[in-house]
Amino acid sequence: MIPVPTAETRTAVTDRAGVVVNYRTGATVVLTGGALDEWLSAVRQTNAPEPVTVTSPGASWGTHETAARLEARDAPPWAWRVAALACVALTLAVRQTGRSERRFGRLVRLAKVGDALPPAGTAHARTAVRSVRWAARAIPARVACLEESTAASLLLAAGGRGKAWRHGVAADPIRLHAWISDEHGRPVEEPGHTDDYTPINTSNPSGAEPR
């Protein structure tokens with residue numbers, strides 16, 4: 001069933017298909033052919049965000065894998081560790097509290113609490129991500145990229161910094177990922193192939209990615 005465009009849906013158009021993500025429910029649909037044409041036409045007639053074009057970096061043939069969570073390289077300062085533990089715990093509590101079909105949307109809203117704050121510098125963002133990864137190892141629960149990036153964004157917001165959260169789509173094969181970026185829009189503490197992902201939802205209210 002083709003979804004209905006809303007302000008909470010985002011569309012990524014690749015060379016071969018369209019990917020529609022509902023940021024309220026987390027529902028993701030891949031559309032092709034006439035179904036994609038019908039969807040794009042419906043988007044143009046609503047207040048849904050404009051589709052984003054995703055350029056394929058070339059077929060990976062299954063050679064690239066994105067880890068659910070990368071390990072921290074160095075132990076962060078103690079103050080950061082304590083704050084990160086609180087942010088990870090809050091993120092997991094928000095994930096588990098309420099209707100399961102709205103879990104994704106709750107995490108997205110939490111990840112964007114720093115929308116109105118100044119952007120995070122590279123060093124600041126790097127320390128936040130490393131701190132969250134350290135804290136995640138101490139908590140016996142699933143902490144994948146969405147939970148990790150949400151907790152890191154929350155940690156940055158607690159320190160007066162924001163506009164760091166990103167969620168995007170990559171093609172060939174189609175896959176989704178969430179991460180933290182610095183003030184220049186560069187992924188922080190991520191493998192190089194994170195650049196394969198095109199952001200389709202960010203905590204930057206302007207919607208523009210600085211480069």
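For clarity, every value in this text was computed on a predicted model and none was experimentally measured.
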*Asks:* Please assess Thr25 against Glu101 for the test side chain to side chain contact (heavy atoms under 4.5 Å, CB included), listing each intermediate value before the final yes or no.
*Replies:* CA-CA 6 Å; Thr25 65; Glu101 63 269 25; 5.6 Å; no
*Asks:* Testing the basics here: between Ala125 and Ala120, what is the closest heavy-atom pair and its distance to 0.1 Å?
*Replies:*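 Of all heavy-atom pairs spanning Ala125 and Ala120, the closest is CB-CB, 4.2 Å.
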*Asks:* Hey, could you give me the CG/CZ distance between Asp195 and Arg186, rounded to the nearest 0.5 Å?
*Replies:* 10.5 Å
*Asks:* Please step through side chain to side chain contact (heavy atoms under 4.5 Å, CB included) for the pair Ile180 and Leu156, ending with a clear verdict.
*Replies:* CA-CA 10 Å; Ile180 293 295; Leu156 287 168; 4.2 Å; yes
*Asks:* For residues Pro5 and Trp39, determine if any side-chain heavy atom of one lies less than 4.5 Å from a side-chain heavy atom of the other.
*Replies:*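 Touching, per the 4.5 Å side-chain cut-off.
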*Asks:* When the ring planes of Tyr23 and Phe104 are compared, do they come out parallel, tilted or perpendicular, using 30° and 60° as the limits?
*Replies:*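 Ring orientation of Tyr23 relative to Phe104: tilted.
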*Asks:* Nearest 0.5 Å, please: how far is OH in Tyr197 from NE2 in His167?
*Replies:* 9.5 Å
*Asks:* Between Val54 and Ala12, which heavy-atom pair has the shortest distance, and what is it?
*Replies:*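 Taking every non-hydrogen atom into account, CG2-CB, 3.6 Å.
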*Asks:* Closest heavy-atom contact between Val188 and Ser181?
*Replies:* CG2-C, 3.9 Å
*Asks:* Quick one: does Thr202's side chain get under 4.5 Å of Arg166's, heavy atoms only?
*Replies:*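 Heavy-atom side-chain distance check passes, below 4.5 Å.
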*Asks:* Taking distance alone, no hydrogens or angles, what donor-acceptor pairs closer than 3.5 Å link side-chain atoms of residues 78-93 to residues at least two apart or in another chain?
*Replies:*
residue: Arg81; atom: NE; partner: Pro76; partner atom: O; Å: 2.7
residue: Arg81; atom: NH2; partner: Pro76; partner atom: O; Å: 3.2
residue: Thr91; atom: OG1; partner: Cys87; partner atom: O; Å: 2.8

*Asks:* Using every non-hydrogen atom in the two residues, find where Arg10 and Glu8 come nearest and quote the distance to one decimal.
*Replies:* NH1-C, 3.8 Å
*Asks:* Please examine the side chains of Leu110 and Arg95, heavy atoms only from C-beta on, and report whether any two atoms are closer than 4.5 Å.
*Replies:* no
*Asks:* Using atom types as modelled and distance alone, determine if a side-chain donor or acceptor of Thr150 lies under 3.5 Å from a backbone N or O of Leu146.
*Replies:* yes
*Asks:* Can you tell me how far CD of Glu189 sits from CG of Asp182, rounded to the nearest 0.5 angstrom?
*Replies:* 11.0 Å
*Asks:* What heavy-atom pair brings Ser131 and Thr127 nearest, and what distance separates the two atoms?
*Replies:*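 So the two residues come closest at OG-O, 2.7 Å.
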*Asks:* How many angstroms lie between CG in Asp196 and CG in Asp172, if you round to the nearest 0.5 Å?
*Replies:*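 Nearest 0.5 Å value for the CG-CG distance: 10.0 Å.
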*Asks:* Between atom CG of Asp37 and atom OG1 of Thr32, what is the distance when rounded to the nearest 0.5 Å?
*Replies:* 9.5 Å
*Asks:* Heavy-atom distance under 4.5 Å between the side chains of Arg161 and Pro119, does that happen here?
*Replies:*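 Of all side-chain heavy-atom pairs linking Pro119 with Arg161, none is under 4.5 Å.
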*Asks:* I'd like to check Thr46 versus Thr6 (side-chain heavy atoms, cut-off strictly below 4.5 Å). Are they in contact?
*Replies:*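 A side-chain contact under 4.5 Å is absent here.
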*Asks:* Look at the side chain of Lys163 and the backbone N and O of Leu117, then say whether any donor-acceptor pair between them is shorter than 3.5 Å.
*Replies:* yes
*Asks:* For residues 103-113, pull every pair meeting side-chain hydrogen bond (donor to acceptor under 3.5 Å, both in side chains), keeping only residues two or more places apart or in separate chains.
*Replies:* Lys112-Asn201
*Asks:* Start with the C-alpha distance between His177 and Glu190, add both sets of side-chain angles, then the distance that settles side chain to side chain contact (heavy atoms under 4.5 Å, CB included), and finish with yes or no.
*Replies:* CA-CA 11 Å; His177 185 49; Glu190 289 283 322; 2.9 Å; yes
*Asks:* Side chain to side chain donor-acceptor pair (under 3.5 Å) with Trp165: which of Ser153, Ser149, Ser203?
*Replies:* Ser149
*Asks:* Give a yes or no answer on whether the side chain of Glu147 reaches the backbone of Ala144 with a donor-acceptor pair at less than 3.5 Å.
*Replies:*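 Side chain of Glu147 to backbone of Ala144: a pair is present.
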*Asks:* Can you confirm whether Thr198 sits close enough to Val169 that some side-chain heavy atom of one is under 4.5 Å from a side-chain heavy atom of the other?
*Replies:*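 No, their side chains stay 4.5 Å or more apart.
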*Asks:* What's the shortest heavy-atom distance between Val43 and Pro51, and which atoms?
*Replies:* CG1-CD, 4.0 Å
*Asks:* For Arg16, is the CZ atom crowded, meaning more than 12 foreign heavy atoms sit under 6.0 Å from it?
*Replies:*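 No, the 6.0 Å shell around CZ holds no more than 12 heavy atoms from other groups.
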